[in-house]
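Written out below as structure tokens is the structure these notes cover.
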Amino acid sequence: MSVSSVSSLAADRSVCAPLSVLGRDVTVPLVTGGEVTYAALDYAASAPALQRVWDDVAAYAPYYGSVHRGAGYLSQLSTDLFENARRTVAAFLDCREDDQLVFTRSTTDSLNLLAAALPADCQVFVFETEHHASLLPWRDARVTYLDAPRTPAAAVATLERALADRDPHGPALVCVTGASNVTGEIWPVRELAAAAHAHGARIVLDAAQLAPHHPVSVQDLDVDWVAFSGHKLYAPFGSGVLAGRADWLREADPYLAGGGASRKVTRRTDGGVDVEWHETAARHEAGSPNVIGAYAIASACKALTEAGFDTLVARERHLIDTVRAGLAEVPEVRVLSLFGDDAPRVGVISFVVDGWNSSHFAAALSAEYGIGVRDGLFCAHPLVRTLLGSDPHTQGECGAPEAAPGEKSLNAIRVSFGAGTPDEHVERFVGAVRELVRDGARWNYRTEDGRCVPAT
Ligand SMILES: Cc1ncc(COP(=O)(O)O)c(C=O)c1O
């Protein structure tokens with residue numbers, strides 16, 4: 001058995017459409033009686049696994065072995081698989097020849113790794129609109145938080161102004177999201193990268209929401225690093241990616257100290273220990289790597305590439321149009337947007353409903369219609385507060401609940417979808433919104449541990 005035959009074994013087993021996902025036949029009970037198939041409309045939090053990813057992982061599982069360590073056949077096969085996964089993902093991201101690709105746990109982990117690798121005196125520029133994973137890791141550096149722009153052009157102008165004021169001699173990093181996890185709007189990454197570079201700064205792209213929906217080319221966008229998570233890219237096996245320029249990563253202390261990151265460890269005569277660290281990606285991958293997680297991401301990258309992003313984008317456009325048109329017909333619904341109706345977007349839409357507590361609305365969608373959405377502030381508190389028109393600097397808990405059912409909304413509801421989402425799910429969602437607003441909930445709800453739940 002070789003690496004290529006593991007892959008072909010999986011391919012032979014695969015009888016599914018290229019982008020079909022697990023869980024489409026799962027049924028859930030309704031409080032009002034009976035069962036329905038679950039409509040998973042919370043892809044922006046975690047997308048279901050692609051069937052192809054699942055098949056690939058299952059085909060490899062019997063051949064699983066330790067990576068970079070064992071002398072045995074399966075260890076070598078697993079090591080090959082892990083390093084091949086690195087190459088596949090680098091190709092998917094269209095990385096430069098000399099870029100490094102580190103397997104991490106998630107986007108959050110990737111951005112914290114980069115934050116730990118910043119050169120001394122690095123200035124960081126980040127919009128207040130970012131997900132907390134992009135907003136918070138830099139707090140030990142000199143951070144400038146930029147106000148929410150209301151157009152893509154204003155985003156570029158805001159960054160230009162901030163960079164023009166900076167100390168031009170020291171290192172600087174801009175961190176920007178590719179697509180908002182709140183509004184789904186796509187940010188002008190290429191233009192922001194050009195502005196960053198024109199002022200001698202570097203840029204990292206948070207592609208957690210972009211990569212599952214759009215092709216991401218490091219070279220075409222001209223970003224210095226890109227980060228994303230496997231579980232949002234249909235590969236929920238605990239891995240993420242940080243890819244990009246090698247120099248800052250090579251010069252930084254290892255993210256975790258331990259085996260795998262160290263090339264040579266010697267005892268000094270004074271009793272201490274000297275360590276030579278790897279200069280490759282292994283420097284930041286101490287401990288036993290998550291080979292299944294890496295393999296799953298590579299499998300998802302291949303599946304998306306083979307299916308073709310053109311097909312994916314066109315299909316998603318149709319779903320977005322259906323949801324937006326449906327919501328537009330309900331006057332009580334307000335869709336949250338920074339850049340306006342014409343902005344390019346991915347399948348992530350947040351909204352509030354006049355007179356409804358968002359947690360109550362989301363609970364009713366689940367309990368009465370079998371629809372899974374998310375409510376809260378989506379780990380982007382400043383942005384959601386800005387969009388809701390309340391104090392943008394107020395902090396709350398992630399997924400913070402409001403008061404009781406029926407009270408005015410301080411949070412929002414988010415619906416999100418992607419590969420494998422059938423028309424029926426978004427049509428059921430639009431019908432449910434219309435019905436709930438018109439007729440009200442058919443069940444009673446109560447607040448438990450700060451969340452609305454059906455009263456029994
Ligand atoms: C834009 C964005 N960035 C970063 C993250 C963090 O991803 P993870 O939780 O996988 O680390 C998320 C998660 O929702 C996100 O939407």
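Predicted, not measured: the structure shown is a model, and the values here were computed from it. Whatever order the structure lists ligands and atoms in, that order sets their numbers, starting from 1.
Protein neighbours of ligand 1 below 4.0 Å, counting non-hydrogen atoms: Ala44, Ser106, Thr107, Thr108, His131, Ala133, Thr177, Asn181, Asp206, Ala208, Gln209, Ser229, His231, Lys232.
Between the side chains of Gln209 and Asn181, no donor-acceptor pair of N or O atoms lies under 3.5 Å. Ser46 and His231 share a side-chain donor-acceptor pair at under 3.5 Å.
Atom CG of Asp25 has 12 or fewer heavy atoms from other residues, nucleotides or ligands within 6.0 Å.
The ring-ring contact (aromatic ring centres under 6.0 Å, His included) contacts involving residues 237-261 comprise Trp54-Phe237, Trp225-Trp248, where partners must be two or more places apart or lie in separate chains. Among residue pairs with one or both ends in residues 193-208, those qualifying as side chain to side chain donor-acceptor pair (under 3.5 Å) are Ser134-Asp206, His197-Asp222, His197-Asp224, Arg202-Asp247; sequence neighbours excluded.
In this structure, the side-chain contact (heavy atoms from CB on, under 4.5 Å) partners of Ala227, at least two apart in sequence or on a different chain, are Thr107, Ser110, Leu111, Leu242.
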